[in-house]
Amino acid sequence: MPPHRPDVCARLGVVHTGEAGLGGPGADEDVADAGGGAVPLGERHAQQGRLQQSLAARLARLSLAGRLRACDPAEAAEQFLALLTGPMDRRSRLGTHAVDKEGPRAVAGSGVGTFLLAYRPST
């Protein structure tokens, strides 16, 4: 299996928190997207749903091609995203503090490694 691409992993890690994270605990707060603009929290949630669906479709193709073990792709996508979002939530204190530039890359690399330990096909 080829190694993961760190730039792709880092982009996946940033999807959850953006550069600035949450501005506060309110449900109507805006969040900063990776481009620096404000995104309403409801739209952010919708974006994450679309990301999970797209990821599930990609994981299904990888599973069918034998590059991942047979799995429920929706569940695998949810678990992979949890490996990214959980540590980023903790590091950013639920989006209320900035995370250094290497934070998302480190979380993504670790998350990909853990995911592959669980979903790599047996040899």
Side-chain angles (χ1 to χ4, degrees):
M1 184 172 237
H4 60 276
R5 291 184 43 201
D7 58 328
V8 173
C9 297
R11 279 186 267 147
L12 283 171
V14 171
V15 166
H16 179 66
T17 61
E19 289 296 323
L22 294 176
D28 295 329
E29 293 289 334
D30 288 345
V31 294
D33 67 9
V39 178
L41 195 54
E43 176 58 24
R44 180 175 178 224
H45 181 72
Q47 288 172 353
Q48 289 174 335
R50 289 189 298 271
L51 172 65
Q52 186 169 335
Q53 290 175 343
S54 296
L55 183 58
R58 177 67 178 148
L59 295 177
R61 288 190 298 274
L62 290 169
S63 182
L64 288 172
R67 298 190 65 193
L68 293 176
R69 71 170 172 77
C71 62
D72 175 345
E75 182 178 276
E78 180 180 49
Q79 291 174 347
F80 179 67
L81 291 173
L83 290 169
L84 300 175
T85 59
M88 288 306 299
D89 279 348
R90 185 187 55 76
R91 288 178 184 213
S92 69
R93 295 184 186 107
L94 296 175
T96 61
H97 290 78
V99 175
D100 65 78
K101 288 188 177 215
E102 289 303 311
R105 185 174 304 279
V107 167
S110 178
V112 167
T114 301
F115 181 83
L116 291 177
L117 286 173
Y119 285 96
R120 181 175 284 135
S122 57
T123 55

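Throughout, residue positions are numbered sequentially from 1 according to the sequence presented. Computed from a predicted model, the values in this text were never measured in an experiment.
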State which residues pass side chain to side chain donor-acceptor pair (under 3.5 Å) with R90; sequence neighbours excluded, sorted by chain then number. none
Closest non-hydrogen atoms of P121 and G66, given as atom of the first, atom of the second and distance, are CG-O, 3.3 Å
Return yes when atom CZ of R93 has more than 12 non-hydrogen atoms of other residues, nucleotides or ligands closer than 6.0 Å, and no otherwise. no
Looking only at non-hydrogen atoms, find the nearest pair between C71 and S63 and report the distance. N-OG, 3.8 Å
Distance, nearest 0.5 Å, that separates CG of L55 from CD of Q48: 12.5 Å
With no hydrogens and no angle check, is any side-chain donor or acceptor of R91 less than 3.5 Å from a backbone partner on P104? no
To the nearest 0.5 Å, how far apart are CG in L116 and CZ in R67? 10.0 Å
Verify, without hydrogens or angle tests, whether S92 (side chain) and H97 (backbone) share a donor-acceptor contact under 3.5 angstrom. no
May I have the step-by-step check of side chain to side chain contact (heavy atoms under 4.5 Å, CB included) for T114 and F80, ending in yes or no? CA-CA 9 Å; T114 301; F80 179 67; over 6 Å; no
Kindly compute the distance separating CD (Q52) from CD (E75), expressed to the nearest 0.5 Å. 10.5 Å
CG on L62 to CZ on R58, rounded to 0.5 Å: 4.5 Å
Applying side chain to side chain contact (heavy atoms under 4.5 Å, CB included) between F115 and each of L59, L84, L81, report the one that passes. L59
How close do P87 and A82 get, counting heavy atoms only, and between which atoms? CD-O, 3.8 Å
